[in-house]
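Down below is the structure, laid out as structure tokens.
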Amino acid sequence: MDRARRPRSVLAALTAALLAVPGVTALSSAARAADADVAVNGGFESGLTGWTCTAGTTVDAPVHSGRSALQATPAGSDNAQCSQTVTVQPDAQYTLSGYVRGSYVYLGANGTGTTDVSAWTQSAPDWQKLSTTFRTGPATTKVTIYTHGWYGTGAYQADDITLVGPGGSGTGQPPAAPSGLKATSVTSSSVGLSWSAVTGATSYAVYRDGTRVQTVTGTSATVTGLAASTAYSFQVAAANAAGESAKSAAVTATTGPGTGGGSPGLPAHALVGYLHASFANGAGYTRLADVSDSWDVIDLAFGEPTSVTSGDIRFNRCPVTECPGVESDADFKAAIKAKQAAGKKVLISIGGQNGQVQLTTTAARDAFVSSVSKIIDTWGLDGLDIDFEGHSLSLNTNDTDFRNPTTPVIVNLISALKTLKAKYGPTFVLTMAPETFFVQNGYQYYGTGKWGGQDPRCGAYLPVIHALRDDLTLLHVQDYNSGPIMGLDNQYHSMGGADFHIAMTDMLLTGFPVAGDPDNVFPPLRPDQVAIGMPASTNAGNGYVSPAEVTRTLDCLTKKANCGSYATHGTWPALRGLMTWSVNWDRFANGEFRKTFDGYFG
């Protein structure tokens with residue numbers, strides 16, 4: 001956070017790695033039930049059932065949806081084709097679609113009786129949708145659909161292949177849509193479902209938020225791998241040899257709260273603010289006792305090191321010469337206790353724009369633990385906020401796996417924070433306030449990159465967040481003073497409107513492949529661990545948004561309403577809340593930010 005305003009300007013994002021947003025082929029209404037998905041086992045959830053492959057198998061990663069996908073490896077004289085022959089109706093229109101990964105991947109149909117068709121991609125580093133249409137000939141009753149790669153170009157993957165059109169002649173009609181869908185059990189990571197049997201159905205497809213995730217033969221299923229405290233919409237379709245029915249009516253279920261990390265003593269929705277405690281600027285000094293009760297978490301800014309690499313952190317309150325209205329140490333301690341008695345959390349924030357901290361050695365790590373502990377104990381604080389900016393965190397060359405970092409400043413920080421959490425126990429509040437460059441920009445670049453030359457700070461917070469995700473109370477990324485950042489829609493998003501906050505937060509709650517590598521995915525955080533960082537006013541920093549845009553951000557993320565151009569990957573009513581730089585700047589602006597929060601959450 002910038003003393004004059006707030007965190008320094010973030011570096012602009014660079015170039016992109018593709019991530020296709022999951023899509024679903026829409027089935028027709030019940031009135032046109034003959035239009036259906038007539039492909040068999042297009043999601044490869046039943047292995048290679050229904051498919052004939054020259055060099056294919058099923059894998060559980062990477063997948064576009066569900067549990068399995070096809071992986072086939074072309075050889076010098078084999079393009080690794082997988083195909084199936086589907087019963088169709090003559091003189092009828094069909095749409096063939098599917099998702100593929102790899103180089104030179106084809107999806108097509110032969111024997112259409114008119115013009116055979118195909119779609120292909122030269123390069124799909126992540127899931128890319130291919131789609132084509134055709135009309136069958138007047139005597140055509142069978143069509144062969146296929147996918148293949150190219151000779152000697154390496155493995156490709158395919159998933160969620162659909163052929164949508166009228167059910168095949170001579171095979172009857174697809175079954176009716178299931179009824180009676182209900183949630184039978186809900187945990188923090190799973191939802192059990194059941195529904196009524198449908199006459200003529202041989203299997204059922206389960207959809208989560210419009211994406212097929214399971215195929216079962218019975219009338220119940222359990223969808224696992226869900227995020228805690230998150231609302232999901234489920235539907236079921238019945239299937240037989242003629243194809244798949246329309247989807248059932250949707251049922252919504254919200255998973256329970258997770259057990260990891262926890263949120264010690266925080267309300268369901270919390271307002272977090274930084275209080276200028278060690279310096280003064282244009283916002284003026286605010287005594288802790290005068291901080292509004294709207295603020296649930298108050299971060300004292302800042303604790304800073306005696307030198308960049310010492311690890312020795314000191315918290316020096318603003319001197320009276322700089323802050324004429326500053327209270328005494330005794331009154332400051334009394335105000336901390338009063339806030340805590342009112343249910344508020346008071347933390348020491350380490351870093352800021354000027355407080356560069358590099359724990360390059362184990363000695364610096366130990367000094368950090370010792371000095372931070374002394375600050376917490378001296379003032380009777382509830383925990384610690386990490387606001388490392390600038391050059392505090394960067395990755396060494398060849399440190400490419402966020403799950404297993406090797407860079408000393410990263411490893412030592414993780415160790416120090418785990419030590420502090422263990423020392424103070426489950427009530428210890430641990431929060432982080434990284435800039436977008438160090439988190440979401442990791443979707444495109446991580447460290448120096450495989451070939452070098454990138455900024456080693458790209459995504460450098462990711463290993464710290466990941467290692468501490470079970471101990472982390474709150475992550476509130478600074479969605480301000482930022483360059484354009486690419487979202488999961490592979491579009492750049494810029495500050496100044498709700499879409500930026502929606503896209504950046506969706507990335508944290510959905511997860512994303514680091515540096516575009518689908519085998520190296522940063523998992524989503526729990527919604528109760530995430531707050532959105534915004535400037536309190538135009539004076540506080542670049543990226544200010546109006547109260548209306550704040551409200552639109554919250555509506556979209558918690559209700560999936562009032563959204564703009566960015567399509568989120570879920571709905572998170574348990575999103576923890578908002579963070580701002582700063583309490584002082586909000587007071588300077590007549591409390592606009594806190595009033596917006598209070599008006600929304602009550």
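Residue numbers count from 1 along this sequence. These numbers were taken from a predicted model, which means no experiment stands behind them.
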Subject >> Test: Lys344 cationic atom under 6.0 Å from Trp295 six-membered ring centre, within 45° of axis >> reply: no
**OP:** Please lay out, stage by stage, how Trp572 and Thr510 fare under the test side-chain contact (heavy atoms from CB on, under 4.5 Å).
**Re:** CA-CA 10 Å; Trp572 302 279; Thr510 302; 3.9 Å; yes
Original post:
Taking it one step at a time, do Phe593 and Trp585 satisfy side-chain contact (heavy atoms from CB on, under 4.5 Å)?
Top reply: CA-CA 9 Å; Phe593 192 84; Trp585 280 117; over 6 Å; no
Original post:
Which value, rounded to the nearest 0.5 Å, describes the distance between Leu384 atom CG and Leu300 atom CG?
Top reply: 11.5 Å
Original post:
Going through the distances and angles, do Tyr446 and Asn520 end up as a side-chain contact (heavy atoms from CB on, under 4.5 Å)?
Top reply: CA-CA 11 Å; Tyr446 185 71; Asn520 200 27; 5.8 Å; no
Subject >> Basic-acidic side-chain contact under 4.0 Å: Asp555, Lys560 >> reply: no
Original post:
What distance do Leu575 atom CG and Thr558 atom OG1 have between them, rounded to the nearest 0.5 Å?
Top reply: 7.0 Å
**OP:** Could you tell me whether Phe500 and His493 have their ring centroids closer than 6.0 angstrom?
**Re:** no
Subject >> SB check Asp293 Lys339 (cutoff 4.0 Å) >> reply: yes
Subject >> Side chains of Asp299 and Ser349, donor plus acceptor under 3.5 Å >> reply: no
Original post:
Salt-bridged, Arg552 to Glu549, with N to O below 4.0 Å?
Top reply: yes
Subject >> Nearest-0.5 Å distance that lies between atom NZ in Lys423 and atom CD1 in Ile376 >> reply: 8.0 Å
Original post:
Would you say the side chains of Thr571 and Lys559 form a donor-acceptor pair under 3.5 Å?
Top reply: no
Original post:
Hey, what do you get for NZ (Lys333) to CG (Leu288), rounding to the nearest 0.5 Å?
Top reply: 13.5 Å
Original post:
Between Phe522 and Arg469, is there a cation-pi geometry (under 6.0 Å to ring centre, at most 45° from the normal)?
Top reply: yes
Subject >> Cationic N near anionic O, under 4.0 Å, Lys345 to Asp296 >> reply: no
Original post:
Looking at Phe438, is Arg457 sitting on its ring face, NZ or CZ under 6.0 Å from the six-membered ring centre and within 45 degrees of the normal?
Top reply: no
**OP:** Verify whether one side chain among His276 and Ser582 offers a donor that lies under 3.5 Å from an acceptor in the other.
**Re:** yes
**OP:** Quick one: sort the Tyr274 and Phe302 rings into parallel, tilted or perpendicular, breaks at 30° and 60°.
**Re:** tilted
Original post:
Is there a donor in the side chain of Asp506 and an acceptor in the side chain of Thr568, or the other way round, less than 3.5 Å apart?
Top reply: no
Subject >> Ala467 backbone acceptor or donor facing Arg403 side chain under 3.5 Å >> reply: no
Original post:
Looking at Arg314 and Asp312, does any basic side-chain N land under 4.0 Å from a carboxylate oxygen?
Top reply: yes
Original post:
Does the side chain of Ser190 come under 3.5 Å of the side chain of Thr187 through a donor N or O and an acceptor N or O?
Top reply: yes
Subject >> Asn396-Asp399 side chain donor-acceptor pair, cut-off 3.5 Å >> reply: no
Original post:
Would you call Asp528 and Arg576 a salt bridge, using N to O less than 4.0 angstrom?
Top reply: yes
Original post:
Without hydrogens or angle criteria, can the side chains of Asp382 and Tyr424 be said to hold a donor-acceptor pair below 3.5 Å?
Top reply: no
